Every structure is written in structure tokens, then in C-alpha cells.
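Just below is one structure, and these are the notes that go with it.
Every chain is numbered from 1, with letters handed out A, B, ... down the list of sequences. Quick caveat, the model's predicted, so the values are computed rather than measured.
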Amino acid sequence: MRGTTRKVAVAAVSAVALLAAGCGGGDGDSSDSAAAGAEGGEITIRGCNPENTLVAGNTAETCGGDVLNVLISTLVHYDPESAEPSNDIAESIETDDNQNFTVKIKQGYMFHDGTEVKAKNFVDAWNYTAFGPNGQEGSYFMSVIEGAEEVGAEDSTTEEMSGLAVVDDYTFTIKTTEKVSNLPIRLGYTAFAPQPDSFFEDPEAFGKNPVGAGPYKFDSWTENQAIVVSKFADYAGEFGGNVDQITFRIFQDSGAAYSEVVAGNLDLTDDIPTSALIDNIYQSDLPDRNAAKATSYYGYIGINPEVDKDLSNPDVRRAISMAIDRQQIVDTVYNGTYTPATGWVSPVVDGYQADVCGESCVFDPEAAKAMLEEAGGFPGDKLTLSYNADSDHKAWTEATCNSIKNTLEIDCVATPLVDFSTFLTKLSDREMKGLFRSAWVMDYPSIENYLGPIYGKGAGSNYFDYDSDEFNSLLSQAAGAEDLEEANSLYQQAEQVLAQDFPTIPLWYGESKAGWSERVDNVVITPFGRPDLRVLTVSE
Amino acid sequence: MTETSRHVTDGEDVAPTDDSQRAMVDETLRAEGDIGEARSLTQDAWRQLRRSPLFWVSAAMITVFVLMAVAPSLFTSLDPAKGDLSRSRETPNAAAWFGRDLQGYDIFARCIYGARASILVGVFATLGTSVVGSVTGMLAGYFGGLADTLISRIGDIFFAIPLLLGAIVFLSSFRGDDPGYFQVVFQVVLVLVVFGWPSIMRLMRSSVLQIKPNDYVSAARALGASPVRILRSHVFPNAVAPVIVVSTINLGVYIAVEATLSFLGIGLIPPTISWGVMVSDGLPLLRASPHVLLFPAVFLSLAVLAFIMFGDAVRDAFDPKSR
């Protein structure tokens with residue numbers, strides 16, 4: 001997930017969580033009795049304007065993603081607490097060689113329009129998403145499937161990926177371009193949702209009146225005001241919702257939504273404004289009705305040594321890293337909620353190893369100065385730290401620059417660029433000099449997601465022109481590994497290569513917060529950073 | 001007689017009398033009309049101004065602000081760009097008189113250094129609108145016909161676009177990547193001039209239309225003076241008073257608009273220090289550390305107030321009806 005606006009994948013309730021939420025009647029029978037005490041009711045929560053219409057393959061931001069998360073089901077779902085994947089629509093996903101996968105789906109899964117979910121609904125949906133002329137935002141996720149490159153070209157005439165084949169109504173096969181040992185984990189992402197036949201007739205109209213196979217069905221969407229979904233009676237899966245109706249009230253401003261929650265007019269917001277975060281004001285505004293959870297957000301500073309020769313020496317980059325007082329910045333700007341990074345991978349994912357960065361990521365003014373001196377000093381006269389001004393990055397970039405300036409006596413200036421698209425364009429055109437802000441939110445819970453898409457040769461988010469043979473070969477070895485454990489250990493070695501080459505400067509791991517009214521209960525923030533709407537209950 | 005009248009009106013070396021009495025004497029003398037030398041509107045205004053406390057108070061404040069803009073180091077020896085994160089949000093104390101903001105910057109030093117951007121924007125935007133507006137207004141009013149139609153309609157187009165909306169569109173689309181200090185300031189000035197000149201143009205035009213039929217203009221034309229000469233020596237000096245008045249009031253308004261734009265994140269941008277940016281940065285801290293917002297807001301209000309008061313005093317002086 002590039003930068004700030006990438007969508008966060010779906011996560012669902014496990015039967016255990018449902019039990020825990022219930023009244024605990026004691027006969028330990030089924031989730032039915034447990035859920036009975038908590039079901040029903042209507043709630044209103046904070047929403048925001050989806051960027052596009054509500055099409056799973058074309059939604060790459062959280063505003064539309066939050067709604068889609070309850071409307072759709074995917075092959076795999078992630079546990080709300082741990083992001084552990086388990087089968088949802090999938091009966092089984094099997095492979096012998098990590099390249100040819102056979103997917104069997106459960107029978108009886110229904111779309112909201114009454115049709116059954118079949119294998120071709122997946123295959124057609126993925127082909128549609130991958131097809132270049134359709135311009136779907138989720139096409140990037142299809143790129144692992146064989147034939148995606150040809151189908152994804154802007155003027156492509158081939159509409160079907162060669163790597164997908166329907167075997168029968170409930171079975172289809174996937175062939176990937178190369179070995180991808182963690183493919184089953186990736187399939188829980190929203191872009192991999194099935195689409196009903198009605199979708200392909202008129203995708204535009206469908207997006208305004210979406211149909212999925214999720215626990216909630218779409219009711220209405222009043223532009224700029226609200227999106228309403230209600231419980232789908234024929235939902236066949238095991239990850240259903242508790243609340244009868246959810247209204248996403250659309251807010252432009254996080255402050256307004258927050259005030260409404262404090263006043264009791266809104267039931268949940270996942271966007272606590274900075275003004276309430278300072279000195280933990282939100283904790284006294286909403287006593288016992290707030291939660292914080294470490295998420296997959298990972299902030300770092302990007303550098304392209306090809307574009308800015310001043311920074312081509314890894315030791316200069318390391319010296320800059322050691323000049324950043326991460327703890328102080330986290331304490332002041334993020335009010336102590338973020339955690340200084342010790343490596344290139346977030347602790348929430350499978351395969352995380354502690355302290356890869358070592359003392360290069362620890363603030364040490366003396367050592368930083370010595371390191372810079374040894375590396376021959378900083379050749380330029382001014383260092384910039386660029387950020388996109390349409391999001392909340394000013395405070396930390398300025399603080400980071402001041403930390404570098406005060407320690408190394410390099411004139412460091414936090415430089416805003418108008419918006420995220422300008423920022424990305426400049427990165428893609430290889431015009432960005434100096435340091436630039438970067439961040440990553442996982443698409444699927446695997447260490448690989450923090451390495452391959454960012455530092456792989458020619459990868460979509462490799463804005464650093466990082467190209468290490470050792471790193472690339474470790475990645476492909478890991479992709480073809482026998483089991484997950486072996487794969488993870490190879491990925492960990494790849495991360496250690498990053499520690500030597502120091503292509504980017506790790507900063508911190510993020511945390512998400514939510515606040516809610518007295519009416520709701522059992523708010524769980526997923527490792528993706530969003531409150532899980534399926535486990536939510538009404539407390540009355 | 002002349003001598004006496006001047007003494008009385010100047011009022012400095014006569015025995016103190018109470019105000020109403022002095023005003024009466026003044027009034028009587030003026031009513032007699034032909035006593036005293038002939039005075040131009042400007043001279044008249046200056047006499048009026050000298051006796052206005054509003055003028056002196058605002059002039060004093062403006063002097064202080066201008067001095068801050070020209071030589072900030074007179075007021076503080078601290079570096080406004082020196083951030084000390086460990087002292088973030090410190091409340092006012094002996095070392096940092098106004099306390100420190102989130103980045104640990106000294107708020108007092110930044111308030112002082114922030115004056116430069118605001119005053120620069122205010123002064124240059126005022127000068128720009130006055131020059132463009134006066135010239136176009138004079139041309140439109142004096143020549144009439146096609147020139148008038150053309151200029152007035154173009155003015156209407158710009159007048160129809162709301163200033164803030166226009167500025168947001170303009171600044172967000174034409175901003176370069178790494179603008180320097182003066183580039184940033186002059187972009188904002190340019191926007192204010194582009195969207196501010198029509199009001200001055202209209203004012204000047206109507207003022208010229210009033211002056212044009214006067215005998216002295218006809219006389220000058222009869223004597224064969226060129227249009228440029230007539231405009232420069234006869235029309236302009238007599239028509240400029242309202243423009244001066246409105247411009248001085250606008251100066252305060254422009255400072256406020258600059259702060260608004262900076263607050264919205266599209267006016268002045270860091271590392272330029274400006275009150276608008278400081279207010280914008282201080283807003284999220286309002287509940288926890290109100291002083292971060294308070295001090296730049298006070299500076300901004302005082303500066304805008306000073307210029308508007310100044311404009312008010314000038315208007316009173318130039319407008320014969322208000323006496």
C-alpha cells in the first residue's frame with residue numbers, strides 16, 4: 001500500500017470473538033446463543049466520501065473500503081485481532097509448487113441479489129479488474145497472475161488472463177507468473193472479491209448500487225450525506241455482523257465527527273483529530289470509550305541516490321538516520337503513540353524480526369557527527385525533506401528536519417508539495433531530490449509485503465532505484481520456498497541486506513485510534529487500522 | 001489677519017481653550033472662506049489628521065510594525081528557526097516571553113519575524129492594486145467609449161470571481177516546486193492585485209467622471225494640453241483622494257486575506273514565517289496550549305486594526321462631508 005490513501009483490506013470476526021462478545025450463557029453451545037444478546041440495533045458511524053463508485057476492484061482508499069468491507073466477502077478473511085488468515089468463501093486453496101493453485105469454494109454462498117457465488121464470479125471479476133482499458137485501481141494486485149501484464153496494458157485487447165481457469169462451478173485454478181508462496185494470504189484483499197453477473201452488464205450503475213456476498217447489503221447512498229447498509233438475511237458465511245443497520249454519515253472534517261461522538265450524536269469515529277490527541281484529551285473526553293492499537297503503518301524516509309548524488313554514500317544516509325531523535329519526535333508530535341522503528345518491517349506481520357537496524361536507527365548525536373565526518377561530510381549545502389501538503393505531515397517533517405539540522409548542522413528544510421498526486425508524479429519522474437516522506441500500510445499480513453513491492457527491482461513503489469542482486473535473489477528464493485517458515489527466514493535475510501545498504505531511513509510504526517459513544521460496544525481495531533464493523537455490538 | 005488665523009487654527013501657541021471653543025473658532029474662520037490662504041484638499045486633510053488621536057495611535061502602531069518588518073533583530077536576538085523539540089509547547093517564561101510552539105520555536109521571535117511577510121504583502125498588494133486600478137480607472141473614465149467598455153467589462157470579470165476562491169485556484173495551480181522567500185510573497189501579492197484592482201478601477205473611474213466636466217479640465221484642453229498632461233497634472237491630483245482612502249483601508253484587509261490564505265495552507269509557505277501560518281499551526285493545540293495560537297493572533301489583529309484605523313482616519317480627513 002503506497003503512501004497514505006491506499007485501501008486497507010477486510011477483516012472479519014472469528015467465532016471466538018463472537019462468543020466473547022456474548023452474554024456467556026455457559027452452555028458453550030454455538031455462536032447463536034452468544035450473538036443473540038448482542039445482535040440488533042442501528043448505529044451511525046463516521047464515513048467519508050468514496051473516491052470512486054463502490055466497486056471492489058476499483059477502491060483503493062479507506063472511505064469506500066470501509067463500506068465495501070461489510071458488503072463483500074472474499075476467499076480468505078483476516079482475524080480482527082491478529083490478521084491471521086482463514087478461509088471464508090474458500091473451501092480450500094491447494095498447491096504443490098507455489099505456482100499452480102487450485103481453489104475450491106463453498107457452496108451456498110449467496111450474493112445479495114439472490115444468485116449464488118460461483119467460480120466464474122471470481123475469474124470474471126479479476127479479469128475485469130486486471131483489464132487495462134477498464135482502469136481499475138486494484139489492477140496492481142492482479143499482477144502476480146500469469147497473463148496480467150498483457151491484459152493490463154492500456155490498449156490491451158486480451159480480456160482474460162491466461163493464469164485463470166474455471167474448472168467447474170465451484171473450482172478454479174490460478175497460475176502465477178513466478179512462485180508466490182504467500183498467495184493464499186493475499187486473497188483476502190478487497191480487490192479479490194467476486195462480482196455477481198449483474199456487475200458486468202453495467203459496472204457504472206452497479207457501483208452506485210453495489211451487490212456483494214458480504215454480511216451486509218447495500219440500502220442507499222445519499223451523495224455527500226450518508227451511505228446505509230443493513231444486515232443480509234441470507235448471509236451464509238460464519239463471519240456475520242451483529243448490528244442490524246449501519247449508517248455511514250459522511251464528514252469532511254475529523255474534528256466535526258469527533259465532536260458529534262463526544263456529544264453522543266454519532267456512534268463511532270476512527271479519526272481522532274490532532275487537537276484531541278494532544279495530551280490525550282480524547283481519553284478524558286471519551287473515558288472507557290476509546291481504543292488504540294498498533295497497526296501495520298510504517299513510516300520511513302525515502303532517498304533516491306541516483307537523483308541526488310549528495311546522498312549516494314550509505315554512511316551519509318546512516319549518519320542522517322542517527323541524527324533523528326525518533327523518540328522525542330514521537331513523544332511530541334504523535335503524543336507518544338507511535339513506536340520508533342528498529343527495522344524495515346512492521347511488528348504486526350508474520351515474519352517480523354526485532355532490531356534489524358541496530359544502532360543506525362538510534363539517536364546518537366556524537367556518533368552521527370563522527371559517522372558523517374568519516375564519510376567525508378555532506379557534500380551539498382541544503383537538504384530537503386519533501387512531503388505532500390494535503391495530509392498531516394508538516395509537524396513531523398519539520399521536527400525531523402530540525403533534529404537533523406541541530407545535530408549535523410546541515411541546513412534541512414521541510415518542503416511541502418501541493419498534493420499527493422504531484423508528489424507521486426515527481427517521484428515517478430525521478431525528479432525528487434533529497435529526502436522524501438514515505439509510508440506503507442500492509443495489503444496482506446506478510447513480511448513479504450514490506451520488502452518485494454518496495455525494494456524489489458522495478459517494483460511499483462521502488463522510488464529509490466534500489467537494485468541489489470543479493471536482495472532480489474533472496475526474494476525469489478523465498479517465493480519458491482517449501483513452507484512459510486523457510487520463506488520467512490529468507491525474507492528476514494533479505495531485510496538484513498537492507499540494513500547493510502541502507503536505501504531508506506526507518507522512522508516509526510503507527511497506531512490507530514477510535515472513539516465511540518455509549519451506545520456501542522466491542523469495538524475492535526484491526527491490524528489494518530480500521531474498527532471491525534462486523535463484531536461491533538449495540539450495548540442497549 | 002492671515003497670521004492670526006493660522007495661529008488660531010494651529011492652536012499650538014495660544015492659551016489652552018477647551019475643545020468646543022476652539023472648534024467654534026475654527027468653524028467661524030473657515031466659514032468666512034476667503035480668509036487664509038487657498039488650501040488644497042490634501043493640505044486640508046493633513047490639518048484635519050494632525051488633530052485626530054486615531055491617526056496618531058494607528059501611525060505609532062504602524063511605525064512599530066514596519067520597524068519589525070525592516071529590522072526584526074532590533075526586537076529580538078533569538079533565532080526564529082531554531083527548534084528545540086524537548087521544550088515543545090513551553091508556556092510563557094522569562095527565557096521565552098511568549099512561550100514555545102509545538103516545534104519548540106520561540107513564539108516571540110516568530111511573531112516579530114512574521115511581521116515582515118504580512119507587511120510586505122499588505123504594502124505591495126496595496127501599491128499594486130492602486131497603481132493598476134488608478135491607471136485603468138483614469139483611462140476608462142477620461143476616454144470613455146470603447147476604452148471604457150473594454151476596461152470596465154474586464155474589471156467586471158475579475159470582480160465576479162470571489163477573492164478567496166480565485167486565490168485558491170490560482171495559487172494551487174501556479175505554484176512552483178521550490179519557491180524562494182520573495183517568490184512566495186510576490187505570488188500572494190500578484191493574486192491579491194489580480195483580484196483586487198477592479199474595485200479601485202471603478203472608484204477611480206467614477207471619480208474621474210466627476211472631475212472631467214470641470215472648467216479647469218476644459219481650460220487645459222482648450223489650451224492644447226495633451227491627454228497625458230491633463231490626466232497627470234489636472235485630473236489625477238483631484239481624483240486620487242478616494243483611492244488613497246480606500247487603499248489604506250484595504251491594506252489592513254489584504255494582511256488579513258494573506259493570513260487567511262496562509263491559514264488554509266496555500267498562501268505563504270514554510271520556511272517563510274507568517275502570522276497566518278502560525279495561527280494555522282496553533283489551531284490543533286488550542287485546547288492543550290492556547291498560547292501558541294493566542295500570540296500570533298494578537299499580533300495579526302493589532303496590525304490589521306492599526307492599518308484599518310489609519311485608513312479610517314484618512315477617510316475622515318479627506319471626506320469633507322464628515323466634518
Side-chain angles (χ1 to χ4, degrees), chain A residues 254-255 258 272-282 284-285 324-335 363 382 384-392 394-407 411-419 422-423 425-426 431-434, chain B residues 79-91 100-106 110 168-181 183-184 187 261-274 276-293:
Chain A
S254 60
Y258 177 77
I272 311 272
T274 322
S275 55
L277 288 178
I278 287 172
D279 294 346
N280 289 325
I281 292 174
Y282 76 102
S284 49
D285 279 350
I324 300 170
D325 192 349
R326 294 173 179 74
Q327 191 61 54
Q328 182 77 61
I329 296 169
V330 160
D331 285 347
T332 330
V333 179
Y334 294 113
N335 207 37
F363 177 59
K382 190 178 144 190
T384 55
L385 171 51
S386 307
Y387 63 97
N388 49 311
D390 56 351
S391 195
D392 199 6
K394 189 180 165 199
W396 77 258
T397 48
E398 208 168 324
T400 305
C401 250
N402 281 335
S403 189
I404 297 171
K405 188 164 76 178
N406 294 346
T407 312
D411 186 16
C412 180
V413 185
T415 312
L417 293 175
V418 186
D419 54 24
T422 314
F423 186 83
T425 312
K426 216 174 160 193
E431 285 172 358
M432 190 81 86
K433 283 191 165 243
Chain B
D79 178 3
K82 172 86 178 158
D84 183 353
L85 214 53
S86 60
R87 297 163 80 181
S88 171
R89 297 193 284 129
E90 222 172 54
T91 46
R100 290 174 188 276
D101 68 4
L102 182 73
Q103 299 286 351
Y105 296 135
D106 187 280
R110 282 179 92 77
I168 289 172
V169 171
F170 191 95
L171 284 172
S172 53
S173 19
F174 295 106
R175 172 145 289 164
D177 278 341
D178 191 13
Y181 183 92
Q183 206 184 336
V184 170
Q187 271 171 349
L261 289 174
S262 302
F263 175 78
L264 294 173
I266 46 161
L268 303 177
I269 46 170
T272 307
I273 301 167
S274 123
V277 175
M278 292 174 75
V279 170
S280 165
D281 285 350
L283 189 65
L285 311 175
L286 183 59
R287 286 179 68 187
S289 309
H291 69 274
V292 178
L293 179 84

Report the distance from atom CD of B:Gln103 to atom CD1 of A:Ile329, rounding to the nearest 0.5 Å. 8.5 Å
What I want to find out is whether A:Asp279 reaches B:Arg287 closely enough, with some N-O distance under 4.0 Å, to be called a salt bridge. no
Option from A:Thr274, A:Asp392, A:Leu277 for which side-chain contact (heavy atoms from CB on, under 4.5 Å) with B:Pro284 holds: A:Thr274
State, yes or no, whether a side-chain contact exists between A:Asn406 and B:Lys82 at a heavy-atom distance under 4.5 Å. yes
B:Leu286 portion near chain A, given a 4.5 angstrom heavy-atom threshold: neither
Which heavy-atom pair separates B:Leu85 from A:Gln328 by the least distance, and what is that distance? O-NE2, 3.6 Å
Less than 4.5 Å apart, side chain to side chain, heavy atoms only: is that true for A:Ile278 and B:Leu285? yes
Which heavy atom of A:Asn402 sits nearest to which heavy atom of B:Ala81, and what is that distance? OD1-O, 4.1 Å
Output for pair (A:Glu398 CD, B:Leu102 CG), nearest 0.5 Å, gives 9.0 Å
